[in-house]
Amino acid sequence: EKDEISLADAGANAVVGILSDDYSAFHYMDGLTVSVGAYELTSHILELRTEDMPDNGNVLNVLGYIVIDHYDTAQLSKKQYEALQAWVKNGGILILGTGSNYQNVLHGFNDDFLTGTFGTVDKKTLSWSVQGQDVTMEDVDCIALSLDGGKELSAYAEDGTAYYKEVGNGRVVMLAYDLGME
């Protein structure tokens, strides 16, 4: 049984676990510099596979973030799902990319841990400022959503495409779009 993830020195690194059916779409996340408060962190991705996903939340503590995108969460066992919940409650940040694939991503969340209202998928233009550069993506599939108990991430986007919810000491971030899109 694989129960431990070990890193010699996490230092100024943010280890991001990716749970997806298409890991190639997330290589752009590896090595990104991310500002978190006064700190600058370098991201390093770790591909999580269903068969290797721990069923103990403490084992996940080496991860600062877990991204679920292009993945049917119903594949997780009950213990794996409970470990994910415990990890979030203990301070982990879970990021869900949805878009036109929202039903698979949310399939396994069948309790009150994460609920909301989901509408139609429409095309939107998304804009961000990344390290002083404006980035725009047009015709992005976005689901109309609202997260129960959540708040819009208005500092990130003011178009209803990003919400967060505090869960214990952690946070769930739900994006109306797919992070693995071209």
Side-chain angles (χ1 to χ4, degrees), residues 2-49 52-54 56-71 73 83-99 105 114 124-138 140 142 145 147 149-182:
K2 296 179 183 179
D3 267 351
E4 290 190 34
I5 299 172
S6 176
L7 297 175
D9 180 19
N13 295 314
V15 182
V16 180
I18 307 285
L19 197 52
S20 178
D21 290 333
D22 180 14
Y23 295 100
S24 66
F26 296 93
H27 288 258
Y28 74 93
M29 288 185 174
D30 200 28
L32 288 176
T33 300
V34 180
S35 295
V36 179
Y39 300 100
E40 293 231 340
L41 304 174
T42 301
S43 67
H44 296 283
I45 62 170
L46 177 66
E47 296 177 3
L48 300 173
R49 308 239 183 245
D52 298 328
M53 181 75 175
N56 177 334
N58 292 330
V59 176
L60 293 171
N61 285 340
V62 71
L63 301 172
Y65 307 86
I66 293 178
V67 173
I68 300 178
D69 195 301
H70 274 283
Y71 179 79
T73 54
L84 182 64
Q85 286 180 313
W87 172 80
V88 171
K89 290 175 183 175
N90 287 326
I93 299 174
L94 176 63
I95 302 168
L96 302 171
T98 59
V105 172
L114 189 63
K124 283 191 171 187
T125 298
L126 303 177
S127 299
W128 302 274
S129 180
V130 179
Q131 296 177 342
Q133 300 284 354
D134 291 332
V135 177
T136 301
M137 297 181 75
E138 295 182 14
V140 177
C142 292
L145 66 90
L147 185 58
K151 297 177 184 170
E152 186 172 1
L153 271 168
S154 57
Y156 178 69
E158 293 184 0
D159 55 3
T161 58
Y163 289 86
Y164 73 95
K165 175 182 177 180
E166 302 292 338
V167 180
N169 293 323
R171 181 178 278 195
V172 175
V173 176
M174 186 177 297
L175 305 173
Y177 50 89
D178 173 0
L179 286 166
M181 65 187 147
E182 291 183 24

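Heads up: numbering here begins at 1 and tracks the sequence.
Considering only heavy atoms from C-beta on, L84 stays 4.5 Å or farther from L19 through its side chain. The closest side-chain heavy-atom distance from V16 to H44 is not below 4.5 Å. For the pair L179/Y28, a side-chain contact is recorded, criterion being any heavy-atom separation below 4.5 Å from C-beta on.
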Would Y65 and V173 satisfy side chain to side chain contact (heavy atoms under 4.5 Å, CB included), going step by step from the backbone distance to the final call?
CA-CA 10 Å; Y65 307 86; V173 176; over 6 Å; no
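Atoms CD and CG, on Q85 and N90 in that order, are 11.5 Å from each other to the nearest 0.5 Å. Interatomic distance, Y23 OH to I18 CD1, rounded to the nearest 0.5 Å: 8.5 Å. Atom CG of N13 and atom CG of L41 lie 8.0 Å apart (nearest 0.5 Å). Rounding to the nearest 0.5 Å gives a distance of 11.5 Å between NZ of K165 and CG of L94. N169 CG to W87 CH2: the interatomic distance, rounded to the nearest 0.5 Å, is 12.5 Å. Note that the CG atom of L145 and the OG1 atom of T161 stand 8.5 Å from one another [nearest 0.5 Å].
Closest heavy-atom contact between L114 and M174: CD2-CE, 3.7 Å. C142 approaches L126 most closely through the heavy-atom pair SG-CD2, 4.1 Å. Pairing each heavy atom of I45 with each of H27, the nearest pair is CD1-CA, 4.2 Å. Heavy atoms only, all atoms of each residue included: V67 and F26 are closest at CG1-CE2, 4.5 Å. Of all the heavy atoms in P54 and A83, the pair that sits closest is O-CB, 3.8 Å. The nearest pair of heavy atoms linking A25 to G180 is CB-O, 3.3 Å.
The backbone N or O of D178 sits nowhere less than 3.5 Å from a side-chain atom of D69 that would complete a donor-acceptor pair. A donor-acceptor contact shorter than 3.5 Å is absent between the side chain of S127 and the backbone of T136.
Partner of Y164 under the side-chain contact (heavy atoms from CB on, under 4.5 Å) criterion, chosen from V172, L153, I95: L153.
D22 and S20 share no donor-acceptor pair across their side chains, judged by distance under 3.5 Å alone.
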